[in-house]
Amino acid sequence: MIFQYKGFNFKMDFEEKNVFSLIVENKKSYRKIIEDLVNNSNIEDGNIILSKNNKLVMPEKEIFVFSDYFNFDINKFVLNKYYKELKNLSENEFLNETLEIKEILKDYINKLIENNYSLKFEDDLDVSQILKAFSIKFERSEDLLLNLFEWLKILNGILGYEIFFFINIENFLSEDELLEFSKFIVYNKYKVVFLENFYRNKLSDNDNLIVIDNDLCEIF
């Protein structure tokens, strides 16, 4: 997978490297890149060029952008898909247990409604309804770093996102936390871009630094 941006020469080849830091000191360009990352999914007219094996790829299917770390709710993105995965498990690997639970619930409801009223209920209960009844959700930690670990695993494992952009994450993590996060990314072979608007040194030897200065000169 290769990431490029129209108007600039830099290229991020994620087949060769998996951690990049894109430092854009020019604020207008920085803002425009973020706007395109968040809103742009048009291959033909957009500024984002994402390719794999020399073929263009839809950015919105491969790239996930993190910007608001404190209001981010992972459940809004993955819960429905995760319910489908659990439902599939219930109908295959756990089929016997699922049928048994459904029978128990059906008997329980029948006993509850034993009276003189004419009542009926849906006896073919969908497992998704059971999951929703128990409000199964992914938990959020008070530790941002732990959340980042978990979010990457979930978004990659369940939704299949390949590339993750983190906007201004350095404002919220200490130097030690950034180093730990970088090690986690490298160890798990995630493809990550740290997008910032102020110059800094490389996080580690695995960090590939690309700088666009105020005059739009590229340094890499």
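Since the model is a prediction, treat every value here as computed from it, not as a measurement.
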Peer 1: What residue pairs, at least two apart or across chains, pass ring pair (Phe, Tyr, Trp, His ring centres under 6.0 Å) with a residue in residues 198-220?
Peer 2: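 Qualifying pairs: none.
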
Peer 1: Got a sec, which residues hit salt bridge (charged side-chain N to carboxylate O under 4.0 Å, His left out) with Lys32, two or more places apart in sequence or on another chain?
Peer 2: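 Per chain and number, Lys32 pairs via salt bridge (charged side-chain N to carboxylate O under 4.0 Å, His left out) with Asp36.
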
Peer 1: Using residues 177-189 as the side-chain source, report each donor-acceptor pair under 3.5 Å to any protein atom, sequence neighbours left out, with the distance given to one decimal.
Peer 2:
residue: Glu177; atom: OE1; partner: Ser174; partner atom: N; Å: 2.8
residue: Glu177; atom: OE1; partner: Ser174; partner atom: OG; Å: 3.4
residue: Asn188; atom: ND2; partner: Phe184; partner atom: O; Å: 2.8

Peer 1: For Lys202, which residues count as a side chain to side chain contact (heavy atoms under 4.5 Å, CB included) partner, sequence neighbours excluded?
Peer 2: Asp207, Leu209

Peer 1: Considering residues at least two apart in sequence or located in another chain, which fulfil the side chain to side chain donor-acceptor pair (under 3.5 Å) criterion with Lys87?
Peer 2: Asp126

Peer 1: Does Asn171 have more than 12 heavy atoms from other residues, nucleotides or ligands lying within 6.0 Å of its CG?
Peer 2: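 Yes.
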
Peer 1: Taking atom CD as the centre, does Glu175 end up with more than 12 heavy-atom neighbours from other residues, nucleotides or ligands that are less than 6.0 angstrom away?
Peer 2: no

Peer 1: Side chains of Val127 and Leu86, heavy atoms from C-beta outward: is any pair under 4.5 Å?
Peer 2: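 In short, these two side chains do not touch, never coming nearer than 4.5 Å.
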
Peer 1: Any side-chain heavy atom of Ile210 sitting closer than 4.5 Å to one from Ser21?
Peer 2: no

Peer 1: Find the distance between NZ (Lys17) and CE (Met12) and round it off to the nearest 0.5 Å.
Peer 2: 11.0 Å

Peer 1: Taking C-beta and beyond as the side chain, do Leu173 and Leu148 meet within less than 4.5 Å on heavy atoms?
Peer 2: yes

Peer 1: For Lys84, check salt bridge (charged side-chain N to carboxylate O under 4.0 Å, His left out) against everything at least two apart and list the hits.
Peer 2: none

Peer 1: Identify the heavy atoms of Leu50 and Pro59 that sit nearest to each other, and give their distance.
Peer 2: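 So the minimum-distance heavy-atom pair works out to CD2-CA, 3.9 Å.
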
Peer 1: If you measure from CG on Asn9 to SG on Cys217, what distance do you get to the nearest 0.5 Å?
Peer 2: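 Here the rounded value is 11.0 Å.
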
Peer 1: Report the residues that fulfil side chain to side chain contact (heavy atoms under 4.5 Å, CB included) with Leu112, sequence neighbours left out, ordered by chain and then residue number.
Peer 2: Tyr108, Ile109

Peer 1: Return the CG to CG distance between Asn18 and Asn206, rounded to the nearest 0.5 Å.
Peer 2: 7.0 Å

Peer 1: Counting neighbours of OH on Tyr5 that are heavy atoms of other residues, nucleotides or ligands and sit closer than 6.0 Å, is the number greater than 12?
Peer 2: yes

Peer 1: Minimum heavy-atom separation for Ser29 and Leu216, please, with both atom names.
Peer 2: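 That closest heavy-atom pairing would be OG-CD2, 3.3 Å.
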
Peer 1: Enumerate, atom names and distances included, each donor-acceptor pair closer than 3.5 Å involving a side-chain atom of residues 138-146, sequence neighbours excluded.
Peer 2:
residue: Arg140; atom: NH1; partner: Phe72; partner atom: O; Å: 2.6
residue: Arg140; atom: NH2; partner: Tyr69; partner atom: O; Å: 2.7
residue: Arg140; atom: NH2; partner: Phe70; partner atom: O; Å: 3.4
residue: Ser141; atom: OG; partner: Asp143; partner atom: N; Å: 3.0
residue: Asp143; atom: OD1; partner: Leu145; partner atom: N; Å: 2.9
residue: Asp143; atom: OD1; partner: Leu146; partner atom: N; Å: 3.4

Peer 1: Applying ring-ring contact (aromatic ring centres under 6.0 Å, His included) to Phe20 and Phe10, what does each step give before you reach the verdict?
Peer 2: CA-CA 11 Å; Phe20 291 86; Phe10 74 83; 9.0 Å; no

Peer 1: The criterion is side chain to side chain contact (heavy atoms under 4.5 Å, CB included); which residues satisfy it with Phe134, sequence neighbours excluded?
Peer 2: Ile130, Ile136

Peer 1: Please check if the number of heavy atoms outside Asp68 that lie under 6.0 Å from its CG is greater than 12.
Peer 2: yes

Peer 1: With a 4.5 Å limit on heavy-atom distance, are the side chains of Ile23 and Ile212 in contact?
Peer 2: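 Heavy-atom side-chain distance check fails, nothing below 4.5 Å.
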
Peer 1: To the nearest 0.5 Å, what is the distance between CD1 on Ile33 and NZ on Lys6?
Peer 2: 14.0 Å

Peer 1: Within the 4.5 Å heavy-atom criterion, are Glu85 and Lys81 side-chain neighbours or not?
Peer 2: yes

Peer 1: Mind checking whether Leu37 and Leu195 have side chains closer than 4.5 Å, heavy atoms only?
Peer 2: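 Side-chain contact under 4.5 Å: yes.
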
Peer 1: Donor-acceptor pair, Asp73 side chain versus Asn75 backbone, under 3.5 Å?
Peer 2: yes

Peer 1: Excluding sequence neighbours, so at least two apart, what forms side chain to side chain contact (heavy atoms under 4.5 Å, CB included) with Leu99?
Peer 2: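 In terms of side chain to side chain contact (heavy atoms under 4.5 Å, CB included), with neighbours along the sequence ignored, Leu99 is linked to Leu95.
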
Peer 1: Give every donor-acceptor pair under 3.5 Å between a side-chain atom in residues 153-166 and any protein atom, sequence neighbours left out.
Peer 2:
residue: Lys153; atom: NZ; partner: Glu150; partner atom: OE1; Å: 3.4
residue: Asn156; atom: ND2; partner: Tyr161; partner atom: O; Å: 2.9
residue: Glu162; atom: OE1; partner: Lys191; partner atom: NZ; Å: 3.3

Peer 1: When rounded to the nearest 0.5 angstrom, what is the spacing between CG in Leu131 and OH in Tyr83?
Peer 2: 5.5 Å

Peer 1: Quick one: are Asn168 and Phe66 in side-chain contact, heavy atoms under 4.5 Å?
Peer 2: no

Peer 1: Do Asn96 side-chain atoms and Phe94 backbone N/O form a donor-acceptor pair below 3.5 Å?
Peer 2: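 Not at all, since once roles are kept as given, no pair shorter than 3.5 Å links the two residues.
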
Peer 1: Side chains of Phe8 and Glu218: closer than 4.5 Å at any heavy-atom pair?
Peer 2: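 Yes, close enough: below the 4.5 Å cut-off.
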
Peer 1: Would you say Ile2 and Val192 are hydrophobically clustered, going by side-chain heavy atoms of ILVMFWY under 4.5 Å?
Peer 2: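 Shared cluster, no.
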
Peer 1: Enumerate the residue pairs fulfilling salt bridge (Lys or Arg N to Asp or Glu O under 4.0 Å) with a member in residues 105-118, sequence neighbours excluded, ordered by first and then second residue.
Peer 2: Glu103-Lys106

